[in-house]
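These notes are about the structure you will find just below.
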Amino acid sequence: MQINMILNGKKITDEINPDLLLIDFVRNHGCYSVKRGCETSNCGLCTVFMDGKPVLSCSVLAARADGHVVDTLEGLQEEAAEFGAFIADQGADQCGFCNPGMVMNAIALFREHPCPSDEEIKEYLAGNLCRCSGYEGQLRAIHAFMEYKKQGGTV
């Protein structure tokens, strides 16, 4: 079957098998920030935006993305780089494997809640498995980033 989508700002038309997962589709198109971590939709490593909303690409058939806009971390480099510096500053990027999913969900958080409460932050982090940390570094990074934004920092 043929599908069309906008992937990271570029129109893509491709012939796919009906059972192809979105994670495999985006990786086949060079988006290697999207990773497989659990195969059960529990780790957040495969998070992409579909029409601006975070989805787990390991749980979405590529055919479902037909006619939609899909963004990965590769397509959000400017937005991601600014927050990523705060992750690194707080030592929350230990092995780095979970960072793309973590950053994607943080971007979604900031887009939906510019000044999130601790509960909202924890809700967004809950879907991201980090095997290296206790999430304290990520929490500190989010708080530091929010303070930076309050002081006039811009993306």
Item to check | L22 and its side chain to side chain contact (heavy atoms under 4.5 Å, CB included) partner, picked from V48, L61, V34 | outcome: V48
Checklist entry - Is the backbone N or O of D24 less than 3.5 Å from a side-chain atom of N28, with the two atoms forming a donor-acceptor pair by type? => result yes
Next on the checklist: To check you understand the geometry: which heavy-atom pair defines the closest contact between P54 and T47, and what is its length?
Outcome noted: CB-CG2, 3.9 Å
Item to check | Atom pair NE2/CG of H68 and N4 - distance to nearest 0.5 Å | outcome: 11.5 Å
Next on the checklist: Within the 3.5 Å criterion, strictly below it, is a donor on N8 or H29 matched to an acceptor on the partner's side chain?
Outcome noted: no
Checklist outcome for this item: On a heavy-atom basis, the closest approach of C31 and L7 is SG-CD2, 4.1 Å
Item to check | Side chain to side chain, V26 and Y32, heavy atoms closer than 4.5 Å | outcome: no
Checklist entry - Does CZ belonging to R111 count more than 12 external heavy atoms closer than 6.0 Å? => result yes
Item to check | Least distance between heavy atoms, P18 atom then M1 atom | outcome: CA-SD, 4.0 Å
Checklist outcome for this item: Nearest heavy-atom contact between Q90 and G137 is CB-O, 3.5 Å
Checklist entry - Just by modelled atom types, is the F97 backbone N or O under 3.5 Å from a matching donor or acceptor in the K35 side chain? => result yes
Checklist entry - Do D66 and M5 touch side chain to side chain, with heavy atoms closer than 4.5 Å? => result no
Item to check | F145 and F110 aromatic ring geometry - parallel, tilted or perpendicular at 30°/60° bounds | outcome: tilted
Checklist entry - Does any non-hydrogen side-chain atom of F49 lie less than 4.5 Å from one of I107? => result yes
Checklist entry - How about H143 and I121: do any of their side-chain heavy atoms sit closer than 4.5 Å? => result yes
Next on the checklist: Under the criterion side chain to side chain contact (heavy atoms under 4.5 Å, CB included), I'd like the reasoning laid out for M50 against V69: C-alpha separation, chi angles, the key distance, then a yes or no.
Outcome noted: CA-CA 6 Å; M50 189 158 64; V69 174; over 6 Å; no
Checklist entry - Should V70 and V103 be regarded as members of a common hydrophobic cluster, given that ILVMFWY residues are connected when their side-chain heavy atoms come within less than 4.5 Å of each other, either directly or indirectly? => result no
Checklist entry - Is L139 reachable from F83 through a run of I, L, V, M, F, W or Y residues, each pair having side-chain heavy atoms under 4.5 Å apart? => result yes
Item to check | Check: C46 main-chain N/O paired with S57 side-chain donor or acceptor under 3.5 Å | outcome: yes
Next on the checklist: Would you compute the distance between atom CG of L20 and atom CD of E15 and round it to the nearest 0.5 angstrom?
Outcome noted: 11.5 Å
Item to check | Pair E74 + K10, salt bridge at N-O below 4.0 Å | outcome: no
Checklist entry - Does a side-chain N-to-carboxylate-O contact under 4.0 Å join D71 and K53? => result no
Item to check | E112 and Y124: CA distance, side-chain angles, deciding distance, side chain to side chain contact (heavy atoms under 4.5 Å, CB included) verdict | outcome: CA-CA 11 Å; E112 293 181 31; Y124 275 76; 2.6 Å; yes
Checklist entry - Do L129 and I142 share a hydrophobic cluster, counting only Ile, Leu, Val, Met, Phe, Trp and Tyr and linking them when any side-chain heavy atoms are less than 4.5 Å apart? => result yes
Next on the checklist: Tell me whether E120 contacts the main-chain N or O of S117 through its side chain, where contact means a donor paired with an acceptor under 3.5 Å.
Outcome noted: yes
Checklist entry - Side chains of R36 and C43: closer than 4.5 Å at any heavy-atom pair? => result no
Checklist entry - How about E82 and K149: do any of their side-chain heavy atoms sit closer than 4.5 Å? => result yes
Checklist entry - If you look at every heavy atom in G37 and L45, which pair is closest and at what distance? => result CA-CD1, 3.4 Å
Next on the checklist: If I compare all heavy atoms of C58 with all of I23, which pair ends up nearest, and what's the gap?
Outcome noted: CA-CG2, 4.0 Å
Next on the checklist: Is there a continuous path of hydrophobic side-chain contacts, each under 4.5 Å between heavy atoms, that joins V60 to L73?
Outcome noted: no
Item to check | I12-L76 co-clustered via ILVMFWY side chain contacts under 4.5 Å | outcome: no
Checklist entry - So do the side chains of L125 and N105 get within less than 4.5 Å of each other, counting heavy atoms only? => result no
